[in-house]
Amino acid sequence: MKPFTILLCLLMISCVQDDDFTTAPQPIDMPTLGDQPPLSIHTVYTLWQQRFLKALNEAGLDTNNPLDAAAIAVLQSQTQLTFQTATTGSTNYMEGYVISSDQAGNFFEELIIQDTPQNPTTGIRLLIDTHPLYTTYEFGRKIAITLDGLTVGIQNGVFTIGIQSGVTINKIPAFMQHDILQRFPEVATITPLPMTIEAFTTAHTNLYIQLTDIQFHRKEVLGDRVLSFAAAPHDIFTGQRIIEHCSTGAQTLLSTSTFADFRGLLLPSRRGTFQGILTKNFFGDRFTVVLNTPTELALNQKERCDPLEIACGLATTTGATTLFADNFENQTPNTPISGNGWTNYIESGTQSWETFQSDGTNASLGISARISAHGSDDSSTIAWLITPEISLAQQNGVTIRFQTSTSFADTSQLDVLFSKDWDGTPATINTATWGVLSAATIAQNDDFFGDWIPSGIIDLSCEEGTIHIAFRYQGHDQGSGDANGTYELDEVQIEAK
(Lines give C-alpha, C1' and ligand atoms only; values in the text may rest on other atoms or scores of the structure.)
Protein backbone atom coordinates (compact mmCIF):
# COMPACT_ATOMS: atom_id res chain seq x y z
CA MET A 1 0.00 0.00 0.00
CA LYS A 2 1.30 3.39 -0.92
CA PRO A 3 2.19 5.80 1.93
CA PHE A 4 -0.44 8.32 0.72
CA THR A 5 -3.18 5.68 0.84
CA ILE A 6 -2.16 4.64 4.36
CA LEU A 7 -2.20 8.27 5.54
CA LEU A 8 -5.67 8.82 4.02
CA CYS A 9 -7.06 5.74 5.80
CA LEU A 10 -5.61 6.87 9.12
CA LEU A 11 -7.16 10.30 8.68
CA MET A 12 -10.56 8.79 7.92
CA ILE A 13 -10.41 6.52 10.97
CA SER A 14 -9.35 9.35 13.26
CA CYS A 15 -12.23 11.62 12.10
CA VAL A 16 -15.07 9.16 12.61
CA GLN A 17 -15.50 7.39 15.96
CA ASP A 18 -18.37 5.04 16.84
CA ASP A 19 -20.78 6.59 14.32
CA ASP A 20 -20.92 9.77 16.42
CA PHE A 21 -22.27 12.16 13.80
CA THR A 22 -23.60 15.58 14.78
CA THR A 23 -25.33 18.12 12.60
CA ALA A 24 -25.21 21.77 13.49
CA PRO A 25 -28.67 23.35 13.73
CA GLN A 26 -29.50 25.40 10.70
CA PRO A 27 -30.07 29.07 11.47
CA ILE A 28 -33.53 30.43 10.72
CA ASP A 29 -33.57 33.70 8.84
CA MET A 30 -36.10 36.42 9.42
CA PRO A 31 -39.03 35.90 7.03
CA THR A 32 -39.42 38.07 3.96
CA LEU A 33 -42.82 39.71 4.28
CA GLY A 34 -42.75 42.89 2.20
CA ASP A 35 -43.47 46.42 3.29
CA GLN A 36 -46.96 45.97 4.70
CA PRO A 37 -47.29 45.90 8.52
CA PRO A 38 -48.71 42.64 9.90
CA LEU A 39 -52.36 42.22 10.77
CA SER A 40 -53.00 40.93 14.26
CA ILE A 41 -55.15 37.82 14.72
CA HIS A 42 -57.60 40.02 16.58
CA THR A 43 -57.82 42.42 13.62
CA VAL A 44 -58.50 39.53 11.25
CA TYR A 45 -61.23 38.27 13.58
CA THR A 46 -62.75 41.77 13.78
CA LEU A 47 -62.87 41.99 9.97
CA TRP A 48 -64.72 38.68 9.83
CA GLN A 49 -67.05 39.72 12.66
CA GLN A 50 -68.01 42.91 10.83
CA ARG A 51 -69.04 40.83 7.83
CA PHE A 52 -71.04 38.47 10.03
CA LEU A 53 -72.88 41.31 11.81
CA LYS A 54 -73.78 42.81 8.45
CA ALA A 55 -75.17 39.46 7.27
CA LEU A 56 -77.05 39.12 10.55
CA ASN A 57 -78.66 42.51 10.11
CA GLU A 58 -79.58 41.80 6.49
CA ALA A 59 -81.20 38.51 7.50
CA GLY A 60 -83.23 40.25 10.22
CA LEU A 61 -82.09 37.79 12.90
CA ASP A 62 -82.06 38.67 16.60
CA THR A 63 -79.37 37.21 18.84
CA ASN A 64 -81.68 37.73 21.84
CA ASN A 65 -84.42 35.55 20.35
CA PRO A 66 -84.00 31.82 21.12
CA LEU A 67 -86.11 30.99 18.06
CA ASP A 68 -83.43 32.56 15.82
CA ALA A 69 -80.56 30.61 17.38
CA ALA A 70 -80.48 27.78 14.83
CA ALA A 71 -80.57 30.16 11.86
CA ILE A 72 -77.86 32.33 13.43
CA ALA A 73 -75.61 29.30 13.93
CA VAL A 74 -75.99 28.36 10.25
CA LEU A 75 -75.34 31.94 9.12
CA GLN A 76 -72.26 32.15 11.35
CA SER A 77 -70.79 28.95 9.88
CA GLN A 78 -71.44 30.19 6.33
CA THR A 79 -70.01 33.70 6.77
CA GLN A 80 -66.50 33.78 5.37
CA LEU A 81 -63.83 36.35 4.58
CA THR A 82 -61.30 35.65 1.80
CA PHE A 83 -58.16 37.80 1.52
CA GLN A 84 -57.06 39.11 -1.86
CA THR A 85 -53.85 40.94 -2.72
CA ALA A 86 -54.70 44.61 -2.41
CA THR A 87 -51.86 46.09 -4.49
CA THR A 88 -49.23 44.58 -6.75
CA GLY A 89 -46.23 43.68 -4.64
CA SER A 90 -48.03 44.02 -1.30
CA THR A 91 -48.89 41.07 0.94
CA ASN A 92 -51.44 40.63 3.68
CA TYR A 93 -50.05 38.56 6.53
CA MET A 94 -50.48 38.02 10.24
CA GLU A 95 -48.16 36.82 12.99
CA GLY A 96 -48.66 34.57 15.97
CA TYR A 97 -47.23 31.88 18.24
CA VAL A 98 -47.84 28.15 17.93
CA ILE A 99 -49.49 26.65 21.03
CA SER A 100 -50.37 23.17 19.72
CA SER A 101 -48.22 20.11 19.13
CA ASP A 102 -49.02 16.95 17.21
CA GLN A 103 -46.08 15.06 18.72
CA ALA A 104 -48.37 12.94 20.93
CA GLY A 105 -51.03 12.54 18.24
CA ASN A 106 -53.73 14.61 19.91
CA PHE A 107 -53.74 17.12 17.07
CA PHE A 108 -53.70 16.22 13.38
CA GLU A 109 -52.96 18.44 10.40
CA GLU A 110 -53.72 21.67 12.23
CA LEU A 111 -51.89 24.38 14.13
CA ILE A 112 -53.40 26.45 16.93
CA ILE A 113 -51.90 29.94 17.00
CA GLN A 114 -52.41 32.81 19.44
CA ASP A 115 -51.42 36.44 19.16
CA THR A 116 -48.92 36.83 22.03
CA PRO A 117 -46.88 34.53 24.31
CA GLN A 118 -48.35 36.13 27.45
CA ASN A 119 -51.84 37.52 28.10
CA PRO A 120 -53.19 36.53 24.67
CA THR A 121 -56.48 37.94 23.43
CA THR A 122 -57.24 36.04 20.22
CA GLY A 123 -56.33 32.71 18.66
CA ILE A 124 -56.97 30.93 15.39
CA ARG A 125 -56.92 27.36 14.10
CA LEU A 126 -54.96 26.83 10.87
CA LEU A 127 -55.76 23.75 8.77
CA ILE A 128 -52.90 22.28 6.72
CA ASP A 129 -52.72 18.95 4.90
CA THR A 130 -49.41 17.69 6.27
CA HIS A 131 -47.96 16.03 9.35
CA PRO A 132 -46.04 15.93 11.57
CA LEU A 133 -45.95 19.65 12.17
CA TYR A 134 -44.17 19.85 15.53
CA THR A 135 -40.77 19.21 13.90
CA THR A 136 -41.07 22.46 11.94
CA TYR A 137 -43.53 24.55 13.93
CA GLU A 138 -42.76 23.64 17.50
CA PHE A 139 -44.60 24.87 20.60
CA GLY A 140 -43.82 28.58 21.08
CA ARG A 141 -42.47 29.15 17.57
CA LYS A 142 -43.38 32.53 16.13
CA ILE A 143 -44.68 32.25 12.59
CA ALA A 144 -46.05 34.47 9.84
CA ILE A 145 -49.06 33.46 7.76
CA THR A 146 -49.52 34.95 4.31
CA LEU A 147 -53.26 35.65 4.08
CA ASP A 148 -53.71 36.28 0.38
CA GLY A 149 -55.91 33.56 -1.05
CA LEU A 150 -56.86 32.15 2.36
CA THR A 151 -60.31 32.22 3.96
CA VAL A 152 -61.27 32.76 7.60
CA GLY A 153 -64.52 31.87 9.34
CA ILE A 154 -66.10 29.87 12.14
CA GLN A 155 -65.81 26.10 11.76
CA ASN A 156 -66.60 23.57 14.50
CA GLY A 157 -67.43 26.59 16.64
CA VAL A 158 -63.95 28.19 16.55
CA PHE A 159 -62.15 30.79 14.41
CA THR A 160 -60.44 28.92 11.57
CA ILE A 161 -58.26 29.70 8.53
CA GLY A 162 -57.68 27.58 5.43
CA ILE A 163 -58.77 27.23 1.82
CA GLN A 164 -62.35 28.02 0.85
CA SER A 165 -64.45 25.15 -0.46
CA GLY A 166 -68.04 26.24 -0.84
CA VAL A 167 -69.35 27.10 2.61
CA THR A 168 -66.62 25.10 4.38
CA ILE A 169 -62.94 25.76 5.06
CA ASN A 170 -60.54 23.04 3.91
CA LYS A 171 -56.92 22.30 4.67
CA ILE A 172 -54.14 24.22 2.96
CA PRO A 173 -52.46 21.79 0.49
CA ALA A 174 -49.02 20.57 1.54
CA PHE A 175 -47.33 22.02 -1.56
CA MET A 176 -48.42 25.54 -0.47
CA GLN A 177 -46.97 25.18 3.04
CA HIS A 178 -43.74 27.10 2.56
CA ASP A 179 -45.37 29.81 0.47
CA ILE A 180 -47.90 30.53 3.20
CA LEU A 181 -46.04 29.77 6.46
CA GLN A 182 -42.73 31.32 7.42
CA ARG A 183 -40.83 30.88 10.66
CA PHE A 184 -39.22 33.53 12.82
CA PRO A 185 -36.06 32.65 14.78
CA GLU A 186 -37.99 33.26 18.01
CA VAL A 187 -39.30 30.38 20.10
CA ALA A 188 -41.11 32.04 22.96
CA THR A 189 -41.99 30.76 26.41
CA ILE A 190 -45.78 30.48 26.42
CA THR A 191 -47.39 31.59 29.68
CA PRO A 192 -50.82 30.01 30.08
CA LEU A 193 -53.74 32.38 30.54
CA PRO A 194 -55.37 31.84 33.97
CA MET A 195 -59.02 30.95 33.48
CA THR A 196 -62.01 29.56 35.31
CA ILE A 197 -64.53 27.23 33.73
CA GLU A 198 -67.33 29.67 34.47
CA ALA A 199 -65.51 32.39 32.51
CA PHE A 200 -65.23 30.43 29.24
CA THR A 201 -66.44 32.41 26.23
CA THR A 202 -66.07 31.87 22.49
CA ALA A 203 -63.53 34.71 22.47
CA HIS A 204 -61.21 32.56 24.62
CA THR A 205 -61.11 29.59 22.24
CA ASN A 206 -57.78 28.80 20.52
CA LEU A 207 -55.89 30.14 23.55
CA TYR A 208 -53.44 28.34 25.83
CA ILE A 209 -55.08 28.44 29.26
CA GLN A 210 -54.57 27.21 32.80
CA LEU A 211 -57.22 25.82 35.15
CA THR A 212 -56.32 25.35 38.82
CA ASP A 213 -57.82 23.16 41.53
CA ILE A 214 -59.57 20.78 39.14
CA GLN A 215 -60.11 17.03 39.09
CA PHE A 216 -61.80 14.37 37.00
CA HIS A 217 -65.38 13.56 37.97
CA ARG A 218 -65.64 10.87 40.63
CA LYS A 219 -67.73 8.59 38.39
CA GLU A 220 -64.81 8.37 35.94
CA VAL A 221 -61.87 7.75 38.29
CA LEU A 222 -63.17 6.11 41.47
CA GLY A 223 -64.35 2.57 42.04
CA ASP A 224 -63.75 -0.50 39.94
CA ARG A 225 -64.25 1.15 36.55
CA VAL A 226 -61.57 3.80 36.02
CA LEU A 227 -61.75 5.27 32.53
CA SER A 228 -58.82 5.86 30.19
CA PHE A 229 -58.32 9.10 28.30
CA ALA A 230 -59.86 7.78 25.07
CA ALA A 231 -59.74 3.98 24.86
CA ALA A 232 -63.14 3.03 26.27
CA PRO A 233 -65.43 0.97 23.99
CA HIS A 234 -67.80 3.90 23.58
CA ASP A 235 -65.06 6.34 22.46
CA ILE A 236 -65.48 7.09 18.76
CA PHE A 237 -62.92 9.54 17.34
CA THR A 238 -62.60 11.28 20.73
CA GLY A 239 -62.90 10.49 24.41
CA GLN A 240 -64.89 13.05 26.39
CA ARG A 241 -64.10 13.16 30.10
CA ILE A 242 -65.59 15.47 32.73
CA ILE A 243 -63.32 17.74 34.72
CA GLU A 244 -64.67 19.91 37.53
CA HIS A 245 -63.53 22.82 39.65
CA CYS A 246 -63.22 22.01 43.33
CA SER A 247 -64.58 25.26 44.77
CA THR A 248 -67.48 25.97 42.43
CA GLY A 249 -68.30 22.54 41.04
CA ALA A 250 -68.29 24.01 37.51
CA GLN A 251 -67.64 21.36 34.87
CA THR A 252 -66.22 21.13 31.37
CA LEU A 253 -64.98 18.34 29.08
CA LEU A 254 -61.46 17.15 28.38
CA SER A 255 -61.34 15.92 24.78
CA THR A 256 -58.72 13.38 23.69
CA SER A 257 -58.30 11.87 20.23
CA THR A 258 -58.59 8.08 19.95
CA PHE A 259 -55.38 8.33 17.90
CA ALA A 260 -53.41 10.04 20.70
CA ASP A 261 -50.40 8.14 22.03
CA PHE A 262 -51.77 8.44 25.58
CA ARG A 263 -55.35 7.38 24.80
CA GLY A 264 -54.97 4.17 26.82
CA LEU A 265 -53.59 5.79 29.99
CA LEU A 266 -55.96 5.66 32.96
CA LEU A 267 -57.27 8.99 34.20
CA PRO A 268 -55.54 10.25 37.36
CA SER A 269 -57.74 10.46 40.42
CA ARG A 270 -55.94 13.35 42.12
CA ARG A 271 -56.60 17.07 41.83
CA GLY A 272 -54.35 19.84 40.54
CA THR A 273 -53.72 21.98 37.47
CA PHE A 274 -54.53 21.77 33.76
CA GLN A 275 -52.64 23.56 31.00
CA GLY A 276 -53.84 23.23 27.44
CA ILE A 277 -56.02 24.67 24.72
CA LEU A 278 -59.62 25.82 25.02
CA THR A 279 -61.72 24.81 22.02
CA LYS A 280 -65.15 23.39 21.20
CA ASN A 281 -66.44 19.96 20.28
CA PHE A 282 -66.95 18.77 16.69
CA PHE A 283 -70.46 20.25 16.58
CA GLY A 284 -69.23 23.60 17.94
CA ASP A 285 -71.88 23.74 20.66
CA ARG A 286 -69.90 22.86 23.78
CA PHE A 287 -66.57 23.98 25.24
CA THR A 288 -63.81 21.41 25.60
CA VAL A 289 -60.18 21.57 26.66
CA VAL A 290 -57.39 19.65 24.92
CA LEU A 291 -53.93 18.54 26.04
CA ASN A 292 -50.81 18.54 23.89
CA THR A 293 -49.32 15.88 26.16
CA PRO A 294 -50.37 14.33 29.50
CA THR A 295 -47.56 16.25 31.23
CA GLU A 296 -49.73 19.37 31.00
CA LEU A 297 -52.12 17.74 33.46
CA ALA A 298 -50.40 18.21 36.83
CA LEU A 299 -52.78 16.47 39.22
CA ASN A 300 -50.48 15.98 42.19
CA GLN A 301 -52.72 16.64 45.20
CA LYS A 302 -53.87 13.37 46.69
CA GLU A 303 -56.88 14.76 48.55
CA ARG A 304 -59.94 15.03 46.31
CA CYS A 305 -62.82 17.48 46.75
CA ASP A 306 -65.83 15.28 46.06
CA PRO A 307 -69.10 16.62 47.46
CA LEU A 308 -71.39 14.81 49.83
CA GLU A 309 -74.02 12.76 48.05
CA ILE A 310 -77.35 11.28 48.85
CA ALA A 311 -76.73 7.81 47.54
CA CYS A 312 -80.19 6.26 47.88
CA GLY A 313 -80.55 6.07 44.09
CA LEU A 314 -83.88 6.25 42.27
CA ALA A 315 -87.21 4.95 43.47
CA THR A 316 -89.82 3.32 41.25
CA THR A 317 -92.91 4.73 42.96
CA THR A 318 -93.96 7.71 45.04
CA GLY A 319 -95.92 7.82 48.26
CA ALA A 320 -99.40 9.20 48.86
CA THR A 321 -98.37 11.67 51.57
CA THR A 322 -97.25 15.09 50.32
CA LEU A 323 -94.57 16.68 52.48
CA PHE A 324 -94.03 19.66 50.16
CA ALA A 325 -95.24 20.62 46.70
CA ASP A 326 -95.26 23.65 44.43
CA ASN A 327 -96.27 24.05 40.79
CA PHE A 328 -96.03 27.86 41.14
CA GLU A 329 -99.60 28.40 39.92
CA ASN A 330 -100.33 30.66 42.90
CA GLN A 331 -97.39 32.95 42.04
CA THR A 332 -97.69 36.18 40.04
CA PRO A 333 -95.90 35.98 36.67
CA ASN A 334 -92.70 38.02 36.24
CA THR A 335 -92.16 38.49 39.98
CA PRO A 336 -89.62 36.87 42.34
CA ILE A 337 -90.64 33.51 43.79
CA SER A 338 -91.96 33.97 47.32
CA GLY A 339 -94.15 32.28 49.90
CA ASN A 340 -94.76 28.56 50.50
CA GLY A 341 -91.59 28.40 52.59
CA TRP A 342 -89.20 29.14 49.72
CA THR A 343 -85.93 31.00 50.33
CA ASN A 344 -85.09 32.99 47.20
CA TYR A 345 -81.51 34.18 47.74
CA ILE A 346 -79.11 36.11 45.49
CA GLU A 347 -75.54 35.17 46.40
CA SER A 348 -73.94 37.10 43.55
CA GLY A 349 -75.24 39.48 40.89
CA THR A 350 -78.70 40.96 40.50
CA GLN A 351 -80.91 38.09 39.29
CA SER A 352 -83.29 36.03 41.42
CA TRP A 353 -85.62 33.15 40.66
CA GLU A 354 -88.78 34.58 39.10
CA THR A 355 -92.03 33.25 37.72
CA PHE A 356 -92.78 33.22 34.01
CA GLN A 357 -95.60 32.15 31.74
CA SER A 358 -95.36 31.39 28.03
CA ASP A 359 -97.27 29.37 25.45
CA GLY A 360 -94.59 29.65 22.73
CA THR A 361 -92.01 27.11 21.61
CA ASN A 362 -90.30 27.44 25.00
CA ALA A 363 -93.62 27.06 26.82
CA SER A 364 -93.96 27.07 30.58
CA LEU A 365 -96.00 24.49 32.47
CA GLY A 366 -98.66 26.99 33.33
CA ILE A 367 -96.65 29.25 35.62
CA SER A 368 -93.06 28.09 36.18
CA ALA A 369 -89.96 29.29 38.02
CA ARG A 370 -87.17 30.75 35.92
CA ILE A 371 -83.60 32.01 36.35
CA SER A 372 -81.18 33.57 33.86
CA ALA A 373 -78.14 35.85 33.77
CA HIS A 374 -79.16 37.12 30.33
CA GLY A 375 -79.36 40.91 30.12
CA SER A 376 -78.00 41.41 33.63
CA ASP A 377 -74.45 42.47 32.69
CA ASP A 378 -73.40 40.61 35.86
CA SER A 379 -69.85 39.32 36.03
CA SER A 380 -71.19 36.58 38.31
CA THR A 381 -74.75 35.36 38.83
CA ILE A 382 -75.41 32.88 41.65
CA ALA A 383 -79.04 32.44 42.70
CA TRP A 384 -80.57 29.94 45.14
CA LEU A 385 -84.12 28.68 45.49
CA ILE A 386 -84.40 26.57 48.65
CA THR A 387 -87.31 24.54 49.98
CA PRO A 388 -88.49 24.80 53.56
CA GLU A 389 -87.15 22.26 56.05
CA ILE A 390 -88.33 18.71 55.35
CA SER A 391 -88.42 16.23 58.22
CA LEU A 392 -87.36 12.71 57.28
CA ALA A 393 -88.02 11.38 60.78
CA GLN A 394 -90.80 8.85 61.12
CA GLN A 395 -91.37 8.93 57.36
CA ASN A 396 -91.11 6.00 54.99
CA GLY A 397 -90.06 6.08 51.36
CA VAL A 398 -89.44 9.84 51.08
CA THR A 399 -88.82 10.96 47.48
CA ILE A 400 -88.44 14.19 45.51
CA ARG A 401 -89.24 14.80 41.85
CA PHE A 402 -89.41 17.88 39.62
CA GLN A 403 -89.03 18.99 36.02
CA THR A 404 -86.50 21.32 34.42
CA SER A 405 -86.04 22.98 31.03
CA THR A 406 -83.46 25.27 29.47
CA SER A 407 -83.24 28.12 27.01
CA PHE A 408 -79.75 27.50 25.61
CA ALA A 409 -78.02 26.96 28.92
CA ASP A 410 -74.58 27.00 27.25
CA THR A 411 -72.11 26.94 30.15
CA SER A 412 -74.44 28.29 32.83
CA GLN A 413 -75.19 25.59 35.39
CA LEU A 414 -78.04 24.38 37.57
CA ASP A 415 -77.26 22.13 40.54
CA VAL A 416 -79.68 20.39 42.87
CA LEU A 417 -78.17 20.40 46.35
CA PHE A 418 -79.16 19.38 49.88
CA SER A 419 -78.13 20.42 53.37
CA LYS A 420 -78.76 18.80 56.73
CA ASP A 421 -77.14 21.57 58.80
CA TRP A 422 -78.46 24.82 57.27
CA ASP A 423 -80.35 26.82 59.90
CA GLY A 424 -82.79 28.39 57.43
CA THR A 425 -81.35 31.94 57.42
CA PRO A 426 -79.89 33.47 54.21
CA ALA A 427 -76.82 34.71 56.09
CA THR A 428 -75.61 31.14 56.69
CA ILE A 429 -76.25 29.64 53.23
CA ASN A 430 -72.59 29.89 52.24
CA THR A 431 -71.30 28.44 55.51
CA ALA A 432 -73.69 25.46 55.59
CA THR A 433 -72.64 22.07 54.24
CA TRP A 434 -74.21 21.33 50.85
CA GLY A 435 -74.13 18.04 48.99
CA VAL A 436 -75.57 16.97 45.64
CA LEU A 437 -78.56 14.90 44.61
CA SER A 438 -76.45 13.00 42.11
CA ALA A 439 -79.31 10.76 40.98
CA ALA A 440 -81.37 13.71 39.72
CA THR A 441 -81.61 14.35 35.98
CA ILE A 442 -81.35 18.06 35.11
CA ALA A 443 -81.99 19.57 31.68
CA GLN A 444 -78.75 20.13 29.76
CA ASN A 445 -77.68 22.44 26.97
CA ASP A 446 -77.87 19.52 24.53
CA ASP A 447 -81.59 19.04 25.25
CA PHE A 448 -84.11 20.77 23.00
CA PHE A 449 -84.96 24.06 24.69
CA GLY A 450 -88.71 23.47 24.40
CA ASP A 451 -88.67 20.14 26.25
CA TRP A 452 -89.30 19.61 29.95
CA ILE A 453 -87.02 16.94 31.44
CA PRO A 454 -88.27 14.83 34.38
CA SER A 455 -85.77 14.50 37.21
CA GLY A 456 -86.68 10.92 37.98
CA ILE A 457 -87.96 9.89 41.39
CA ILE A 458 -84.99 10.59 43.68
CA ASP A 459 -85.01 8.38 46.75
CA LEU A 460 -84.25 10.13 50.06
CA SER A 461 -85.22 7.24 52.32
CA CYS A 462 -81.67 6.31 53.31
CA GLU A 463 -81.24 9.69 55.04
CA GLU A 464 -82.42 10.74 58.51
CA GLY A 465 -83.16 13.96 60.38
CA THR A 466 -84.16 17.12 58.52
CA ILE A 467 -83.18 18.35 55.09
CA HIS A 468 -83.40 21.37 52.78
CA ILE A 469 -83.29 20.99 48.98
CA ALA A 470 -81.75 23.83 46.95
CA PHE A 471 -81.77 24.69 43.25
CA ARG A 472 -78.62 26.74 42.64
CA TYR A 473 -77.95 28.58 39.38
CA GLN A 474 -74.48 29.81 38.33
CA GLY A 475 -73.68 31.93 35.28
CA HIS A 476 -72.66 35.41 34.11
CA ASP A 477 -73.43 37.93 31.39
CA GLN A 478 -69.97 39.02 30.34
CA GLY A 479 -68.02 38.50 27.11
CA SER A 480 -69.87 36.68 24.36
CA GLY A 481 -72.67 35.56 26.68
CA ASP A 482 -71.91 31.84 26.62
CA ALA A 483 -72.79 31.56 30.32
CA ASN A 484 -75.98 33.63 30.47
CA GLY A 485 -78.38 30.79 29.69
CA THR A 486 -81.81 30.21 31.21
CA TYR A 487 -83.19 27.38 33.34
CA GLU A 488 -86.81 26.71 34.24
CA LEU A 489 -88.17 24.63 37.13
CA ASP A 490 -91.63 23.28 37.86
CA GLU A 491 -93.75 20.62 39.58
CA VAL A 492 -91.56 20.17 42.66
CA GLN A 493 -93.01 17.37 44.80
CA ILE A 494 -91.64 15.75 47.97
CA GLU A 495 -93.68 12.76 49.05
CA ALA A 496 -93.65 9.90 51.54
CA LYS A 497 -95.41 6.54 51.81
Side-chain angles (χ1 to χ4, degrees), residues 98-112 123 125 131-135 137-140 156 158 189-197 200 204-247 249-283 286-307 438:
V98 176
I99 58 170
S100 62
S101 171
D102 59 5
Q103 185 171 7
N106 209 22
F107 288 89
F108 183 70
E109 297 187 346
E110 63 181 357
L111 292 173
I112 312 298
R125 179 179 63 149
H131 72 280
L133 291 166
Y134 78 93
T135 55
Y137 311 104
E138 63 269 51
F139 185 82
N156 306 117
V158 298
T189 299
I190 303 297
T191 302
L193 181 68
M195 286 286 294
T196 62
I197 295 172
F200 286 177
H204 294 115
T205 56
N206 295 326
L207 298 182
Y208 194 72
I209 67 167
Q210 177 171 292
L211 302 174
T212 58
D213 203 19
I214 57 102
Q215 65 181 17
F216 285 100
H217 194 278
R218 56 196 177 280
K219 293 181 180 179
E220 298 182 340
V221 295
L222 300 180
D224 298 331
R225 185 176 173 267
V226 179
L227 292 180
S228 61
F229 279 88
H234 62 270
D235 293 328
I236 300 175
F237 300 117
T238 59
Q240 306 282 357
R241 305 294 182 255
I242 302 171
I243 59 176
E244 58 188 2
H245 189 264
C246 279
S247 296
Q251 296 179 348
T252 191
L253 295 176
L254 175 74
S255 180
T256 304
S257 169
T258 53
F259 295 95
D261 294 348
F262 56 93
R263 61 188 177 277
L265 294 179
L266 296 181
L267 300 176
S269 62
R270 299 185 176 192
R271 65 196 272 194
T273 300
F274 163 92
Q275 292 182 2
I277 295 167
L278 177 63
T279 183
K280 290 192 175 182
N281 63 1
F282 176 80
F283 302 101
R286 189 165 186 180
F287 288 110
T288 65
V289 291
V290 180
L291 296 164
N292 286 312
T293 72
T295 59
E296 294 171 314
L297 198 60
L299 305 186
N300 48 26
Q301 299 177 46
K302 186 175 181 179
E303 183 180 354
R304 290 178 56 84
C305 58
D306 297 316
S438 55

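For the numbers below, each heavy atom of this structure counts, side chains included, while hydrogens, waters and symmetry mates do not.
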Report task. Using the test salt bridge (charged side-chain N to carboxylate O under 4.0 Å, His left out), find all partners of D213 that sit at least two apart in sequence or belong to another chain. Result -> R271

Report task. Mind checking side-chain hydrogen bond (donor to acceptor under 3.5 Å, both in side chains) for S228 and listing every partner two or more places apart, or none if nothing turns up? Result -> none

Query raised in the report: Is a side-chain donor or acceptor of D102 paired with a backbone partner of Y134 at a separation under 3.5 angstrom?
Result: yes

Query raised in the report: Does N106 reach the main-chain N or O of N292 with its side chain, forming a donor-acceptor pair under 3.5 Å?
Result: no

Report task. Could you tell me which residues satisfy ring pair (Phe, Tyr, Trp, His ring centres under 6.0 Å) with F262, sequence neighbours excluded, listed by chain and number? Result -> F229

**Report entry** Non-neighbouring partners of F139 that pass ring pair (Phe, Tyr, Trp, His ring centres under 6.0 Å), sequence neighbours left out
**Finding:** Y208

Report summary line: Nearest heavy-atom contact between L193 and L207 is CD2-CD1, 4.0 Å

Query raised in the report: I197 and H245: which non-hydrogen atoms are nearest, and at how many Å?
Result: CD1-N, 4.1 Å

**Report entry** Partners meeting side-chain contact (heavy atoms from CB on, under 4.5 Å) with F283 (sequence neighbours left out)
**Finding:** N281, D285

Report summary line: Sequence neighbours excluded, the answer for ring pair (Phe, Tyr, Trp, His ring centres under 6.0 Å) partners of F216 is none

Requested in this report: Go through the structure and list residues passing side-chain hydrogen bond (donor to acceptor under 3.5 Å, both in side chains) with T189, not counting sequence neighbours.
Outcome: none

Query raised in the report: Who are the side-chain hydrogen bond (donor to acceptor under 3.5 Å, both in side chains) partners of Q240, not counting sequence neighbours?
Result: T238

**Report entry** Partners meeting side-chain hydrogen bond (donor to acceptor under 3.5 Å, both in side chains) with H131 (sequence neighbours left out)
**Finding:** E109

Query raised in the report: Taking all non-hydrogen atoms of both residues, which atom of P294 and which atom of L291 are closest, and how far apart?
Result: CA-CD1, 4.3 Å

Query raised in the report: Closest heavy-atom contact between R125 and N206?
Result: N-ND2, 3.6 Å

**Report entry** Residue pair I112 / S100: nearest heavy atoms and the distance that separates them
**Finding:** N-OG, 2.9 Å

Query raised in the report: Looking at G264 and A231, what are the two nearest heavy atoms and their distance?
Result: CA-CB, 3.9 Å

Query - Partner residues of T196 under the side-chain contact (heavy atoms from CB on, under 4.5 Å) criterion, sequence neighbours left out - result: E198, A199

Query raised in the report: Under the side-chain contact (heavy atoms from CB on, under 4.5 Å) test, which residues partner D306, sequence neighbours left out?
Result: Q215, R218, L222, E244, R304

Query raised in the report: Okay, side chain of R263, backbone of T258: is any donor-acceptor separation there less than 3.5 Å?
Result: yes

Query raised in the report: Can you name the salt bridge (charged side-chain N to carboxylate O under 4.0 Å, His left out) partners of D235, sequence neighbours left out?
Result: R241

